[in-house]
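This report concerns only the one structure given below.
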Amino acid sequence: MKELPKAYEPQKYEDNIYKHWEDSGFFNPDNCEKAGLVDVAKGNFSMVLPPPNVTGTLHIGHASMLAIEDLVTRYKRMQGFKTLWLPGTDHAAIATQTKVEKLFIEKGIKDPKKELGRDKFLVEVEKFAQESHDTIVNQCKKMGSSMDWSREAYTLDDARNLAVRHVFKKMYDDGLIYRGYRLVNWCPRCKSTLADDEVEHKEQIAKLYTFKYSKDFPISIATTRPETKLGDAAVAVNPNDERYSKYIGQEFLIKNFGGGADLKIKIIGEENVDVKFGTGAVGVTPAHSAADYEMAQKNNLPIIKIIDENGQMTKEAGEKYFGKPVKVARAEVVEWLKENNLLEKEEETPNNLSICYRCGYAIEPLPSQQWFVDVNRKFILPNSSIDGIKSGDQVTLKKLMQQVVNNKQIEIIPDRFEKTYFHWIDNLRDWCISRQIWYGHRVPVWYCHGLDKGVCLPGCEKPIVSVEVPTKCPNCSSVDLVQDSDTLDTWFSAGLWTFSTLGWPNKTMDLKNFHPTSLLETGYDILFFWVARMILMTTYTLGQIPFEKVYLHGLVRDEKGRKMSKSLGNVINPLDTISQFGADATRLSLLLGNTPGNDLKLSEEKVEGFRNFTNKLWNISRFVLLNIPEPKLDTKLPELKTLSDKWIISNLNKVILDASTMIENYQFSAAGERLREFTWGDLADWYLEIAKVEGSKDEILNYILNNILKLWHPFMPFVTEQIWSEVYGADKILMVEKWPSVAVSNGGDKTLSDFETIKKIITGIRVLRADNKIEPVLKLDVVISAGTKLDLIKENSEVIKTLARLESLEILEKAQKSQTSAGFVEGDIEVFVELTGVIDLDKEKERLQKEFESLTKFINGIENKLANEDFVKNAPAAVIEKERQKLTEAQIKLDKIESQL
RNA sequence: GGGCAGCUAGCUCAGUUGGUUAGAGCACCUCGUUUACACCGAGGGGGUCAGAGGUUCGAAUCCUCUGCUGCCCACCA
């Protein structure tokens with residue numbers, strides 16, 4: 001017999017347990033296989049960790065992700081799948097570089113990039129990234145994550161770089177990657193382009209200026225950005241607008257607009273100009289507005305770039321403005337309009353400001369030479385395992401992305417996000433992939449410089465795209481080659497994650513075994529950034545889906561539903577809750593009460609509540625251990641002697657079945673709640689109390705403990721593992737035990753209802769006691785009129801006596817209520833509690849009267865229902881039968897209550 | 001402007017294809033040192049299921065409209 005400490009102290013055990021797991025080698029599926037722990041019939045299960053950014057530490061959102069993914073991983077592993085959960089981190093190009101720059105600036109170095117230069121600066125970034133990485137790995141371990149560290153990857157390591165170069169080259173050769181001078185989103189602070197979905201919109205109040213370019217110009221226009229008007233090439237009006245349609249096609253020359261450049265304004269017709277909005281006319285700035293750029297393409301307008309990459313006005317804006325920041329230029333244009341009496345109106349208007357999602361700085365749309373992925377260009381997919389697309393079919397990237405979700409090869413959970421996904425793809429434009437930052441995968445493109453020196457041939461101006469560093473120009477053999485200085489969007493390499501981590505482009509066993517991955521679990525906030533990009537990249541590169549299912553979780557918010565942020569001071573740090581309440585409590589607080597795709601509100605109290613539960617489980621085990629002389633790992637179902645034995649085992653079987661089904665269906669919260677109900681409600685509150693009465697249950701207690709530890713293990717691995725080793729010896733590992741399967745049980749229904757009767761008798765007596773304020777020390781005398789349940793009640797008389805705290809219990813087939821007792825009815829059983837000198841009988845009458853009334857109401861309700869012809873005619877027979885039964889039962893009960901009154 | 005969620009007990013949320021007197025946890029109230037656990041036990045109060053119509057024998061559940069709340073998307077200058 002072994003005795004556990006009274007309270008579970010997670011801090012004492014967690015680190016050791018994790019080390020024990022790691023040392024066992026069983027995070028690695030190959031080792032599980034070698035040890036014979038894999039069930040070949042089950043197959044493989046694989047999942048990648050959405051790689052956290054190496055920008056700092058993990059927050060509670062990551063903890064939530066880890067809890068869910070570890071739950072699934074441990075469940076699958078115990079089920080016998082060859083299970084791989086592959087960890088890694090993300091270099092997060094712009095984010096990491098920005099962070100390091102900021103750290104230098106805080107230290108007093110104003111322009112770290114300039115002062116250090118590319119190479120030295122990158123060394124500093126790498127150093128920072130390495131530190132973050134170490135912190136992150138440590139935090140993953142604290143959470144109990146059972147990842148295979150031997151396969152860890154980084155989005156910017158050599159293996160991933162090789163994959164990036166291969167994919168880039170392949171896409172270029174297929175004509176899907178091209179270089180072009182096009183309008184891009186430019187962040188003047190990051191000094192880089194951004195993809196369309198990296199631009200966020202913030203509502204603000206802006207000044208709207210209504211004015212004319214000159215006195216002679218016939219149409220007024222309005223804008224919130226007057227300085228951009230220095231680059232206008234047209235005014236667009238609706239062709240059906242009688243006020244303006246006569247001007248369409250005319251050209252006006254505006255000399256020295258704003259005191260700066262000359263403008264050539266053409267009046268063009270555009271159907272989607274709203275006649276009723278503003279002046280009904282729009283000034284067209286082709287170089288600095290996405291909408292205007294498209295109009296310019298259609299109407300052959302010149303693209304006049306008047307704002308440069310530093311957010312300053314170019315020469316094109318005129319001498320007066322050259323080199324000035326946009327805000328200064330804006331004020332000066334407005335000033336000029338006023339001076340020349342051209343400003344007609346100045347008003348405040350709500351306006352959407354585009355900002356950089358990384359640094360919050362205002363985005364400047366401007367034309368620039370960049371690399372793009374063409375999402376609409378047709379190409380041949382040579383090898384396809386995509387349903388509905390044959391090998392050799394002509395497709396587009398958009399088509400691939402749509403097809404795999406449309407044909408349900410990829411299932412998104414919850415499915416409402418499928419709509420969001422399709423909507424996004426429908427509006428998807430070419431993806432700008434080049435970034436002007438240093439930290440990232442260098443674009444694998446070289447340019448021949450021989451041309452400048454006059455030794456080159458025609459064709460040398462073409463970029464050289466190559467997986468390996470080219471030694472000479474293939475055209476002119478010049479060795480003077482220079483690599484493109486740009487790097488790739490971080491999502492380009494992240495998009496390859498499911499297969500680059502498994503060894504692609506090499507033909508590895510991992511790739512064969514684990515790809516497509518089984519599940520991708522991630523936040524809905526990166527559905528577009530990452531999930532969609534992985535689908536794009538994988539279907540294109542491999543002709544395969546990257547994963548079969550996508551489970552999207554929500555954000556973790558504070559108890560008031562606000563986002564957690566440093567400035568609000570409402571951040572819950574997972575490391576804090578782990579050290580205070582334990583990793584298991586932290587995990588449970590993130591798993592329970594959390595449903596797919598919905599945000600989760602978290603408070604410290606919630607974590608504390610689950611700490612209480614871990615302690616409850618500990619104490620259940622403590623009690624069981626005190627009652628088993630010799631714990632056995634071998635768990636054949638022992639002989640069931642009493643009603644309670646049959647009841648608890650029947651319930652255990654149900655809970656095994658329910659919990660398994662719920663986990664399979666991604667209802668993790670429901671599964672956990674079901675387990676808790678069984679563990680705390682059925683097991684602790686009833687069965688263990690009964691065990692104290694009935695005694696000699698060591699085998700059955702051993703069996704139950706064994707099973708619930710397994711069932712709880714995926715939810716709270718630490719405490720279950722610790723108990724396991726305390727019970728069965730330190731050399732045993734629960735993590736790789738077999739998940740319980742349901743033993744056949746018969747007669748479950750009768751057992752359940754019989755036990756329910758006993759429970760209700762006990763509860764009924766307790767209620768009487770509480771209602772009448774009878775002290776617990778006072779033991780009661782009870783007579784039961786048992787009717788057909790005579791044997792049942794007799795068999796369980798000791799249980800009733802102890803749990804209801806009775807002095808005496810008389811069980812008769814038929815008994816009469818005495819004048820000095822109070823009673824209640826349970827089915828066809830009547831229970832009489834002798835109350836001589838204990839309570840006020842009037843009060844008891846009152847209680848019975850109340851119950852009589854509510855029962856009468858209930859009966860009336862059912863009677864009315866059954867009297868309703870339409871109900872009887874239309875409702876299914878089973879429903880009607882159920883109502884009839886309810887009525888009969890209620891009437892019997894009513895009669896008995898009446899007789900007691 | 002378009003779309004998607006949510007609105008159920010004081011709080012956080014369950015409620016699977018319409019059919020129990022609508023549930024759980026926390027909080028609250030009463031009682032309790034019964035040797036697994038006070039990080040506990042026993043009992044209890046508390047809800048016109050946002051509002052209004054409709055479909056149906058029957059609606060928290062399906063439909064329509066309205067009202068809040070949150071999120072996503074979008075070139076209305």
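The sequence lines fix the lettering, A, B, ..., with proteins before strands; numbering per chain opens at 1. In what follows, every heavy atom counts, from backbone to side chain, and hydrogens, waters and symmetry copies are set aside.
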Query raised in the report: Quick one: ring-ring contact (aromatic ring centres under 6.0 Å, His included) partners of A:Tyr357, sequence neighbours excluded?
Result: A:Phe529
**Report entry** Segment of RNA chain B, first to last nucleotide, that comes within the 4.0 Å heavy-atom reach of chain A
**Finding:** B:C4 to B:A77
Query raised in the report: A:Asn185 and A:Asp196: side-chain donor and acceptor closer than 3.5 Å?
Result: yes
**Report entry** Gap in Å between the two P atoms, one belonging to B:A22 and one to B:A50, rounded
**Finding:** 15 Å
Query raised in the report: Expressed in whole Å, how much space separates the P atoms belonging to B:G6 and B:G15?
Result: 10 Å
**Report entry** Rounded P spacing from B:A42 to B:U48 in Å
**Finding:** 29 Å
Check: residues 609-618 of chain A side-chain donor-acceptor pairs under 3.5 Å, at least two apart:
{"from": "A:Thr614", "atom 1": "OG1", "to": "A:Arg611", "atom 2": "O", "distance (Å)": "2.6"}
{"from": "A:Asn615", "atom 1": "OD1", "to": "A:Tyr8", "atom 2": "N", "distance (Å)": "3.0"}
{"from": "A:Trp618", "atom 1": "NE1", "to": "A:Pro5", "atom 2": "O", "distance (Å)": "2.8"}

Requested in this report: Would you please indicate yes or no on a ring centroid separation below 6.0 angstrom for A:Trp424 and A:Tyr421?
Outcome: no
Query raised in the report: Does a side-chain heavy-atom distance below 4.5 Å link A:Ser621 with A:Val624?
Result: no
Query raised in the report: NA contact type, A:Thr595, heavy-atom cut-off 4.0 Å: base, sugar-phosphate, or nothing?
Result: sugar-phosphate
Query raised in the report: Under 4.0 angstrom, heavy atoms only, what part of the nucleic acid is A:Ala222 near: base, sugar-phosphate, or nothing?
Result: sugar-phosphate
Query raised in the report: Mind pulling the stems RNA chain B is in, i.e. runs of at least three Watson-Crick or G-U pairs, everything under 3.5 Å?
Result: B:1-7 with B:67-73, B:10-13 with B:23-26, B:28-32 with B:40-44, B:50-54 with B:62-66
Requested in this report: Compute whether any side-chain donor of one residue and acceptor of the other, for A:Thr210 and A:Ser220, lie under 3.5 angstrom apart.
Outcome: no
Query raised in the report: Going through the checks in order, is the side chain to side chain donor-acceptor pair (under 3.5 Å) test met by A:Glu881 and A:Gln885?
Result: CA-CA 6 Å; A:Glu881 187 45 41; A:Gln885 213 174 328; over 6 Å; no
Query raised in the report: Would A:Trp530 and A:Thr522 count as having a side-chain donor-acceptor pair, cut-off 3.5 Å?
Result: no
**Report entry** Span that lies between the P atom of B:U21 and that of B:A5, in whole angstrom
**Finding:** 31 Å
Query raised in the report: Among all residues two or more places apart in sequence or in another chain, which pass the ring-ring contact (aromatic ring centres under 6.0 Å, His included) test with A:Phe718?
Result: A:Trp21
Query raised in the report: Taking the side chain from A:Asp584 and the backbone from A:Val719, do they hold a donor-acceptor pair closer than 3.5 Å?
Result: yes
**Report entry** Sugar-phosphate, base or nothing in reach of A:Asn272, heavy atoms under 4.0 Å
**Finding:** nothing
Query raised in the report: Mapping A:Glu689 and A:Leu208 onto RNA chain B by nearest heavy atom, which one lands closer to the 5' end?
Result: A:Glu689
Query - Contact nearer the 5' end of RNA chain B, comparing A:Thr763 with A:Lys276 - result: A:Thr763
Query raised in the report: Taking the C1' atom of each, how far is B:C49 from B:C7, in whole Å?
Result: 10 Å
Query raised in the report: Near RNA chain B, under 4.0 Å by heavy atom, which residues of residues 614-621 of chain A?
Result: A:Asn615, A:Lys616, A:Asn619, A:Ile620
Query raised in the report: So, A:Thr595 versus A:Asn598: side-chain donor-acceptor pair below 3.5 Å or not?
Result: yes
